[in-house]
Amino acid sequence: MHIGIIGGGIIGLCSAYYLHKAGHRITVFDQGIIADGCSLGNAGMIVPSHIIPLAQPGMMAKGMRWMLKSTSPFYVKPRLNADLMRWGWLFYRHSTPEHVERSIPLLRDLSLLSKTLYQDLAANGDLDFEWQERGLFMLYKTASAEREMAEEADVANHAGIEARLLNGQQVQDFEPHARVNVRGGVYYPGDAHLNPGQLIHSLVTYLSKEGVTFLEKHPVTGFGTTDSRITAIHARGSHEVDEVVVACGAWSPEMAGQLGLKLPLQGGKGYSFLLHNVTNNVRIPAIMLEARATATPMGSDLRFAGTLEVAGTDMQVNMNRVRGIVEAINQYYPEVPVAMPTVERVWRGLRPCSPDGLPYIGRTQKYENVILATGHGMMGLSLGPATGKLVSEVVDGPSKSMDIAAFRPERFA
């Protein structure tokens with residue numbers, strides 16, 4: 001079959017990879033240049049540890065407090081927008097202990113599947129992306145954060161995800177080169193990291209050699225339909241297709257709208273910047289809890305990332321949010337030299353956030369040959385291979401890897 005994939009981010013590329021492996025002919029459509037996409041500048045973390053959805057008790061109140069500070073890690077741009085208000089209401093309704101309990105095994109299984117697939121990709125020789133299995137630190141500086149992390153570690157251990165509670169000296173023992181100034185941390189030895197830019201480049205290079213067609217700067221403007229099927233994608237011409245995969249990230253609601261579908265989803269903007277040739281580099285990726293910022297070693301370089309700014313599809317850089325990341329770094333790593341980067345050095349991208357913290361994966365009811373694969377929030381890179389594999393299974397028959405009923409795209413209809 002000829003399958004059109006709309007979106008050239010990590011979800012679209014992983015879908016292309018596994019659909020190609022299944023023997024299908026693939027065309028990837030992207031409105032821009034794939035090398036400039038959202039997946040490139042993220043933190044590069046593969047996190048089976050992240051099994052608690054963003055929609056959880058207390059998150060709304062915490063977010064409201066953060067919004068009062070210009071350098072805080074979370075911000076919702078005030079605007080009169082019906083889609084934003086509906087998303088916020090659905091987020092509120094799902095911020096319950098019952099929803100968290102239902103979501104934990106789903107996110108765990110999806111993440112563990114993705115990690116296994118990454119291990120296979122690192123071993124089979126198709127791709128090269130600096131795969132490292134060193135775990136992840138959740139670092140904290142206060143007693144209240146320690147209590148919060150101890151509870152999360154307990155939840156993780158009960159779900160089968162190993163978590164170790166460490167004091168400050170034990171954290172330092174893991175870092176022979178970089179001084180760490182923390183009260184303690186939770187260590188998740190099962191997490192991993194990679195170089196996202198190298199992964200995207202490697203995927204595009206491999207798929208191009210294998211005959212996958214990439215149509216960059218081809219915004220999709222419409223569809224040809226016959227009854228309940230999409231027969232063509234209109235993008236600087238008409239392209240006949242047998243199946244359509246919508247993997248547009250934060251722009252997925254607009255694409256779904258062209259198909260007559262309502263998709264509750266908001267773009268959560270994040271920022272990152274890179275320090276080159278760091279002498280005393282961090283060894284283990286870390287999330288600096290109070291600042292909600294991350295540090296990921298990439299070879300001799302060190303990438304810092306953070307913030308969740310819900311502002312539609314606005315791609316402007318808010319340097320106050322970047323300043324919040326910079327100010328946090330030396331509180332945790334006092335000997336890492338970091339200055340405020342220029343706006344030109346700051347990467348920004350939009351994470352597609354669903355209101356319940358679960359992705360959208362599966363067929364639509366309106367069109368029998370349309371599959372949605374989006375809504376992964378801050379875990380798109382982490383869940384990319386699993387999503388691509390599941391998309392290929394949806395095309396070829398019932399999913400064999402895991403039950404995806406909870407991810408159905410029209411669950412809020």
Side-chain angles (χ1 to χ4, degrees), residues 4-19 26-45 50 54 77 83-84 87 110 114 196-197 199-200 203-204 214-221 233 235 244-259 261-272 305 307-317 347-362 364 370-388 390-391 407 409:
I5 298 176
I6 307 173
I10 187 62
I11 302 298
L13 293 176
C14 285
S15 297
Y17 179 88
Y18 288 104
L19 286 165
I26 311 298
T27 300
V28 178
F29 300 83
D30 198 279
Q31 64 180 348
I33 302 296
I34 291 174
D36 295 333
C38 177
S39 306
L40 284 168
N42 66 54
M45 296 176 174
H50 283 39
L54 186 62
K77 182 179 180 180
D83 290 336
L84 174 61
W87 183 90
L110 190 61
S114 215
L199 173 64
I200 297 297
L203 273 165
V204 172
F214 288 92
L215 298 180
E216 298 179 311
K217 294 187 177 180
H218 275 66
V220 173
T221 55
I233 294 174
V244 177
V245 178
V246 177
C248 307
W251 286 267
S252 295
E254 297 175 12
M255 194 57 55
Q258 292 192 42
L259 293 165
L261 304 171
K262 294 284 288 183
L263 189 70
L265 187 147
Q266 289 290 316
K269 185 162 48 180
Y271 304 108
S272 76
T307 79
L308 182 65
E309 186 178 330
V310 180
T313 52
D314 173 22
M315 291 292 284
Q316 291 185 330
V317 175
W347 172 93
R348 77 278 193 227
L350 296 175
R351 295 82 139 231
C353 300
S354 71
D356 62 354
L358 300 178
Y360 298 111
I361 307 172
T364 67
V370 173
I371 299 166
L372 265 63
T374 186
H376 297 76
M378 292 176 282
M379 294 175 60
L381 183 81
S382 189
L383 300 177
T387 302
L390 291 169
V391 166
F407 306 143

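Only a predicted model underlies this, so the values are computations on that prediction, with no experimental measurement involved.
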Specify the closest pair of heavy atoms between [X] and [Y], including all atoms of both residues, with the distance to one decimal.
X      : Y      : value
Phe214 : Val204 : CE1-O, 4.0 Å
Ala250 : Thr313 : O-CG2, 4.1 Å
Trp87  : Ser354 : NE1-C, 3.4 Å
Met315 : Arg348 : O-NE, 2.6 Å
Ala247 : Ser252 : C-OG, 4.3 Å
Val220 : Ala235 : CA-CB, 4.1 Å

Donor-acceptor pair, side chain of Ser114 and main chain of Ala386, under 3.5 angstrom: yes
Tell me whether Lys269 contacts the main-chain N or O of Val317 through its side chain, where contact means a donor paired with an acceptor under 3.5 Å. no
Of all residues at least two apart in sequence or in a different chain, which pass the side chain to side chain donor-acceptor pair (under 3.5 Å) check with [X]?
X      : result
Thr364 : none
His50  : none
Thr387 : His376
Lys262 : Asp83

Could you measure the distance from the [atom1] atom of [X] to the [atom2] atom of [Y]? Nearest 0.5 Å is fine.
X      : Y      : atom1 : atom2 : answer
Ile233 : Ile6   : CD1   : CD1   : 4.5 Å
Leu19  : Ile371 : CG    : CD1   : 7.5 Å
Leu383 : Ile361 : CG    : CD1   : 7.5 Å
Met378 : Met45  : CE    : CE    : 11.5 Å
Gln266 : Glu309 : CD    : CD    : 12.5 Å
Leu358 : Leu54  : CG    : CG    : 11.0 Å

Side-chain heavy atoms of [X] within contact of [Y], under 4.5 Å:
X      : Y      : answer
Leu350 : Trp251 : yes
Leu199 : Leu381 : yes
Val246 : Leu259 : yes
Val370 : Pro409 : no

Checking Phe29 now: which residues fulfil ring-ring contact (aromatic ring centres under 6.0 Å, His included) with it, not counting sequence neighbours?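 In terms of ring-ring contact (aromatic ring centres under 6.0 Å, His included), with neighbours along the sequence ignored, Phe29 is linked to His239.
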Non-neighbouring partners of Tyr271 that pass ring-ring contact (aromatic ring centres under 6.0 Å, His included), sequence neighbours left out: none
Test side chain to side chain contact (heavy atoms under 4.5 Å, CB included) on Ile10 and Leu203 and set out the steps. CA-CA 9 Å; Ile10 187 62; Leu203 273 165; 3.8 Å; yes
